[in-house]
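Just so we're on the same page: letters track the sequence lines, and every chain starts at 1.
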Protein chains: 2
Amino acid sequence: MARAGLTAERVTEAAADLADAVGFENMTVSALARSFGVKDASLYSHVRNLQDLRERVALLAAGELADHIGAAVAGRAGKDAMTAFANAYRDYALAHPGRYAATQAVQPDPAVLAGSTAYIRTIELTHAMLRAYRLVEPDLTDAGRLLRSAFHGYITLEVNGGFRHSRDVQRSWERGLDGLHILLENWPADPSRHAAEQ
Amino acid sequence: MARAGLTAERVTEAAADLADAVGFENMTVSALARSFGVKDASLYSHVRNLQDLRERVALLAAGELADHIGAAVAGRAGKDAMTAFANAYRDYALAHPGRYAATQAVQPDPAVLAGSTAYIRTIELTHAMLRAYRLVEPDLTDAGRLLRSAFHGYITLEVNGGFRHSRDVQRSWERGLDGLHILLENWPADPSRHAAEQ
DNA sequence: GCAACTACTTAATGACTCTAGGAAGCATGG
DNA sequence: CCATGCTTCCTAGAGTCATTAAGTAGTTGC
């Protein structure tokens, strides 16, 4: 009985690669076992179940994404940082569609989430990037949500073939970033805030 | 052998309801058959396969969504139309998560798409709404893509629990719409266009 | 060189998709 | 009233997948 040398980490890595290759929803325990040349049941020594495997892939990907963005925005500020952030985000998602899908499709349970900084780091990077636009809470959160939504929505639509018009997607994206920069520079004052400002 | 009186339409409707109830990815042929009190195989007289069923649900939902938005924006213009559009979009998605997921998860093949106006209508409504902001091509397409991305991204993140901060999501959404309005009013001129303007 | 642990196996169950072939309901024309 | 034929639904069965239980064969610690 030859041993394949599996570990939870190696299984997770392979699962992530498989997801990138065949799509996150086609990343099955069976296919993964096949890629290792072992039986399905063997994987259950390393991973609790499919849900657990997906969570692991999601955390792996969220960490990689945060690293990628972090490296891109380092030493930049303002529009420079914003576009670097956006392009890093999009590049990662397009290069690793299965991994990216994992970060979105899986909502890890709070306990797992608390033990990992992967998800939180991206949000922190967003806030850091937005501070150059002189936004303060709650505008920071609101603008951050809108930005993440725009990035995520754009990529999802792009990957799923939502942009059928002939207009070049890359050029469209760049123009969208120009627009978002303008938006951040002109972020409207909250009409419902009077006393709160210091 | 009592007949259940199934038709493709009735099956599609029930599938859409089931998707809303249990989630799009849990909308199975088996569960659907069970809800009708018939055997799995019986459904294959009305629907080619699971993929076909999903496409039908997607087209149904896309049509409903377009109707809903169309009714909301009728007789409105400018910011009024934009927020009506956005709120109709979000309301539908939140009220019918399974149907909405279908519109995103399924990319119907081009032949099916050509035979239906469901998807195209939403894009046309977007363009109509944007014309009040005096945008012309290709800005119309670029701004439209950014808007759809922002709406879609926001809703996806909201539904998947992506907004974990304590800040009220509804208020955040409204502020995001304020921001998008400002953005559309200040849509930047394309620096790469010189000769093209008349 | 034995005990304990771990990695991987076989075997089985139950959910699911889908096909083939058959029978029972329902309409039509004689 | 009945034969014809279409449609609706059935039974039966194959193949994929997730998951568990129980066992066996490497590997490690003493």
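As rounded to whole Å, 14 Å separates atom C1' of C/dC18 from atom CZ of B/R48. Atom-to-atom, NZ of B/K39 to P of C/dA23 comes out at 18 Å; the value is rounded to the nearest Å. Remark: P of C/dT10 and CG of A/L43 are 14 Å apart, rounded to the nearest angstrom. Following rounding to the nearest Å, B/L53 (CG) and C/dC18 (C1') show an atom-to-atom distance of 14 Å. Here D/dT20 presents its P atom at 11 Å from CG of A/D52, a figure rounded to the nearest Å.
Closest to the A/A4 side chain, of the nucleotides C/dT9, C/dC8, D/dC9, is C/dC8.
Residue pairs meeting the ring-ring contact (aromatic ring centres under 6.0 Å, His included) criterion with at least one partner in residues 16-66 of chain A, sequence neighbours excluded, do not occur; the list is empty.
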Quick one: side chains of residues 53-60 of chain A, donor-acceptor pairs under 3.5 Å with protein atoms, not counting sequence neighbours, listed by atom name and distance.
| from | atom 1 | to | atom 2 | distance (Å) |
| --- | --- | --- | --- | --- |
| A/E55 | OE2 | A/Q51 | NE2 | 3.3 |
| A/R56 | NE | A/D52 | OD2 | 3.1 |

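When each of B/F151, B/Y92, B/Y89 is tested with B/Y100 by the rule ring-ring contact (aromatic ring centres under 6.0 Å, His included), just one qualifies, namely B/Y89.
By the side chain to side chain contact (heavy atoms under 4.5 Å, CB included) test, A/D17 is found to be paired with A/R99, residues two or more places apart in sequence or in another chain being considered. Looking at residues two or more places apart in sequence or on another chain, you find no side chain to side chain donor-acceptor pair (under 3.5 Å) involving A/H68. In this structure B/E13 satisfies the side chain to side chain donor-acceptor pair (under 3.5 Å) test with no other residue, sequence neighbours excluded. Checked against side chain to side chain contact (heavy atoms under 4.5 Å, CB included), A/I123 has the following partners two or more places apart in sequence or in another chain: A/H127, A/R148. Checked against side chain to side chain contact (heavy atoms under 4.5 Å, CB included), B/S172 has the following partners two or more places apart in sequence or in another chain: A/D142, A/R145, B/Y154, B/R167. Applying the side chain to side chain donor-acceptor pair (under 3.5 Å) criterion to A/T117, with sequence neighbours excluded, gives no partner residue. With sequence neighbours excluded, no residue forms a side chain to side chain donor-acceptor pair (under 3.5 Å) with A/S35.
When side chains are defined from C-beta on, A/F163 does not count as touching A/W173, because their heavy atoms never get closer than 4.5 Å.
Looking at A/R3, its side chain has no donor and acceptor atom pair within 3.5 Å of the base of D/dT27.
In terms of phosphate contacts, B/H46 brings a side-chain nitrogen or oxygen within less than 4.0 Å of OP1 or OP2 of D/dC9. When the side-chain nitrogen and oxygen atoms of A/S42 are compared with OP1 and OP2 of C/dT9, one or more of them lie within a distance under 4.0 Å.
DNA chain C is contacted by no residue of residues 9-25 of chain A, taking any non-hydrogen atom closer than 4.0 Å.
Comparing the axis of the opening five pairs of the helix from C/dG1-D/dC30 to C/dG30-D/dC1 with that of the closing five pairs yields an angle of 0°, rounded to 10°.
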Protein-proximity profile, nucleotides 12-17 of chain C, B/S/- by nucleotide at the 4.0 Å heavy-atom cutoff, equals ----SB
